[in-house]
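Worksheet for the structure shown next.
In what follows, chains carry the letters A, B, and so on, assigned in the order in which the sequence lines appear, proteins first and then strands, with residues in each chain numbered from 1. A quick note: this is a predicted structure, and the numbers were derived from the prediction, not measured.
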Protein chains: 2
Amino acid sequence: MTRHQLNATAASLLGFLHDGPLTGWDLVQTAQREIGDFWSLTQSQVYRELAAMAEAGLVEAGERGRRERRPYSLTEAGRAAFAEWVGREPGAETIRFPLLLTVLFGRHLPAGRLAEFLEAHRAVHAGRLADYERQHRDAVAAGAVDAAPYAVATLEFGLAYERAVLDWFDRLPSAINRDGARDGTAPAGPR
Amino acid sequence: MTRHQLNATAASLLGFLHDGPLTGWDLVQTAQREIGDFWSLTQSQVYRELAAMAEAGLVEAGERGRRERRPYSLTEAGRAAFAEWVGREPGAETIRFPLLLTVLFGRHLPAGRLAEFLEAHRAVHAGRLADYERQHRDAVAAGAVDAAPYAVATLEFGLAYERAVLDWFDRLPSAINRDGARDGTAPAGPR
DNA sequence: TGGTACATGTAACATGTTACATGATTAG
DNA sequence: CTAATCATGTAACATGTTACATGTACCA
């Protein structure tokens with residue numbers, strides 16, 4: 001039981017363990033699926049947090065199963081620590097968006113380069129939006145709006161976010177957006 | 001000249017130094033104003049990166065001025081390193097939004113608590129949106145759309161983002177949003 | 001003369017990233 | 001048999017956060 005101000009990553013793992021024991025691997029998959037879109041984490045971190053929480057008595061490692069699987073389960077202390085954490089005022093969000101740095105410093109880029117970056121990123125966001133829309137359709141069809149309203153709400157955040165980002169891409173002035181000003185010669189033509 | 005794969009934070013500092021020498025303090029202010037909304041950084045980091053970049057020959061410390069101010073200026077190596085960085089494909093954005101974790105785990109919260117959090121955060125975002133809108137009006141009035149289109153574009157990202165977030169807050173189902181289900185007794189009344 | 005904003009920096013620690021090492025099991 | 005996937009973990013390092021220590025200059 002070392003010093004422990006539960007961090008959000010660790011707390012989330014405890015959150016997932018409320019539905020039953022999970023292995024590190026399971027937790028990585030679950031976390032990436034459930035919160036990966038607004039809370040990035042890596043496999044390494046999960047194992048490290050699990051080890052630390054086991055040390056602190058917040059989780060307990062069970063018997064190894066097939067393939068060396070080692071399930072962790074929530075202890076009473078873990079349940080209490082989670083409850084304490086979830087009741088605390090959540091902190092401000094942090095966004096780190098490298099593309100916007102590149103945009104801000106766009107005047108240092110050769111003509112068209114920025115437009116290439118923008119196009120590539122736009123495609124990624126369009127793909128993500130399409131994926132969220134599919135997930136949302138499925139969720140609604142499955143009745144998740146009543147059954148799992150909290151998960152639907154976070155998914156809807158993703159939808160709102162991706163729509164806003166796409167809209168931003170589409171409203172960028174052509175001076176920034178077109179791979180244009182390409183020496184003032186012919187436009188790039190349809191894609 | 002130690003090993004150096006320029007990171008985005010350091011690169012941004014170099015970016016700002018293109019407009020002339022700045023002290024650590026200046027850089028902290030500038031960075032927080034220009035990129036703070038989509039690239040968080042702290043004062044400590046700035047001084048550390050400056051020291052590392054001075055060591056690596058990317059910047060040069062000048063004479064101390066009044067109040068121990070120590071201006072840093074860009075070297076040729078720094079200019080080259082920045083140019084290399086800005087031409088690289090920007091990485092994916094990372095978002096870390098603690099409130100969404102709390103929402104996802106909302107079923108573990110006592111009734112009304114989540115609604116309090118949502119209300120507090122909504123207010124923060126509303127304030128930020130108002131601020132962006134004011135900045136944007138000022139920028140447009142000052143002719144920045146032509147003079148500083150890149151900065152305006154990043155500001156417009158902020159606008160799009162905050163509008164999307166507010167819209168999301170406003171569309172949350174009342175089961176999540178109202179400080180409601182408060183024992184099923186009387187609603188909290190108008191705000 | 002005392003408080004506040006300016007200004008620089010360090011230390012200690014927490015968190016995040018990348019790369020690697022190792023082995024089990026399954027599908028083809 | 002062998003490649004892919006499942007699964008756990010460590011090591012090394014980079015980055016981010018918080019707290020503190022120190023001192024300057026302005027202004028009320």
Counting only distance, no hydrogens or angles, is the base of D:dT10 paired donor-acceptor with the side chain of A:Ser44 under 3.5 Å?
yes
Donor-acceptor pair present, A:Thr23 side chain and D:dT8 base, under 3.5 Å:
no
Rounded distance in Å - CG (B:Asp26) to C1' (C:dA7):
10 Å
When you measure only distances, ignoring hydrogens and angles, does the side chain of A:Thr9 come within 3.5 Å of the base of C:dT15 through a donor and an acceptor?
no
Between D:dA14 (C1') and B:Met53 (CE): distance, integer Å:
15 Å
OP1, OP2 of C:dT8 versus side-chain N and O of B:Arg70: anything below 4.0 Å?
no
Can you tell me how far P of D:dA14 sits from CG of B:Leu6, to the nearest Å?
13 Å
Any A:Tyr47 side-chain nitrogen or oxygen under 4.0 Å from OP1 or OP2 of D:dT8
yes
From D:dT15, C:dG9, D:dT10, pick the nucleotide closest to the side chain of A:Gln43?
D:dT10
For atom CD of B:Gln45 and atom C1' of C:dT15, their distance in whole Å
12 Å
Would you mind checking if A:Glu133 and A:Arg137 are paired as a salt bridge, meaning a charged N to carboxylate O distance below 4.0 Å?
no
Report yes if some heavy atom in the side chain of A:Tyr47 is under 4.5 Å from a heavy atom in the side chain of A:Leu27; otherwise report no.
no
Step-by-step salt bridge (Lys or Arg N to Asp or Glu O under 4.0 Å) determination, A:Glu93 to B:Arg128
CA-CA 13 Å; A:Glu93 88 264 37; B:Arg128 203 134 72 202; 3.4 Å; yes
N or O in side chain of B:Asn7 less than 4.0 angstrom from D:dT15 OP1/OP2:
yes
Taking CG from B:Leu27 and P from C:dG9, how many angstroms apart are they, rounded to a whole number?
12 Å
Separation of D:dC6 atom P from A:Leu22 atom CG, nearest Å, is 16 Å
Lys/Arg N to Asp/Glu carboxylate O, A:Arg113 vs B:Glu89, below 4.0 Å:
no
Can you tell me how far P of C:dT8 sits from CG of B:Leu50, to the nearest Å?
9 Å
Residue pair A:Ala81 / A:Leu6: nearest heavy atoms and the distance that separates them:
O-CD2, 3.6 Å
Side chain of A:Trp25: nearest nucleotide among C:dT17, D:dT18, D:dC6?
D:dC6
At less than 4.0 Å, is any side-chain N or O atom of B:Arg48 found next to OP1 or OP2 of C:dA11? Yes or no.
no
Given atom CZ of B:Arg69 and atom P of D:dA25, what is their separation to the nearest angstrom?
12 Å
